[in-house]
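In what follows, a single structure is set out as structure tokens and then discussed.
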Amino acid sequence: MAHKIYRHVLLADDDPDDCDFFSEVFSENFPEVKLTISHDGAELMMLLKGPPKPEADLIFLRLEHANFIRCGMSR
């Protein structure tokens, strides 16, 4: 079974330390993957509504007032 290759990951996380951690992990281990970081839900919604609309393959939500959600975006 082939694994999906992600080109763009959108991270919504309100913890600056977590954002720094993920940014470092992606830049060192997955330099070909674009990582976009949103620091709160309002910023995430602005990113998702565009313009331009993001072409994210995967969204990770890690916000204090939300449950952990992972979802693929259709193109």
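Side chains are part of it too, since the values below use all heavy atoms of this structure and drop only hydrogens, waters and symmetry mates.
The environment of CD in Glu24 is sparse: at most 12 heavy-atom neighbours from other residues, nucleotides or ligands sit within 6.0 Å.
With rounding to the nearest 0.5 angstrom, the OG1 atom of Thr36 is 10.0 Å from the CD atom of Glu43.
Listed by chain and residue number, Leu11, Cys19, Ser23, Leu35, His39 satisfy the side-chain contact (heavy atoms from CB on, under 4.5 Å) test with Ile37 (two or more places apart in sequence, or in another chain).
For the residue pair Ala42 and Asp40, the shortest heavy atom distance occurs at N-OD1, 3.1 Å.
Under a hydrophobic-cluster definition in which Ile, Leu, Val, Met, Phe, Trp and Tyr are linked whenever side-chain heavy atoms come within less than 4.5 Å, directly or via other members, Val9 and Met46 are assigned to different clusters.
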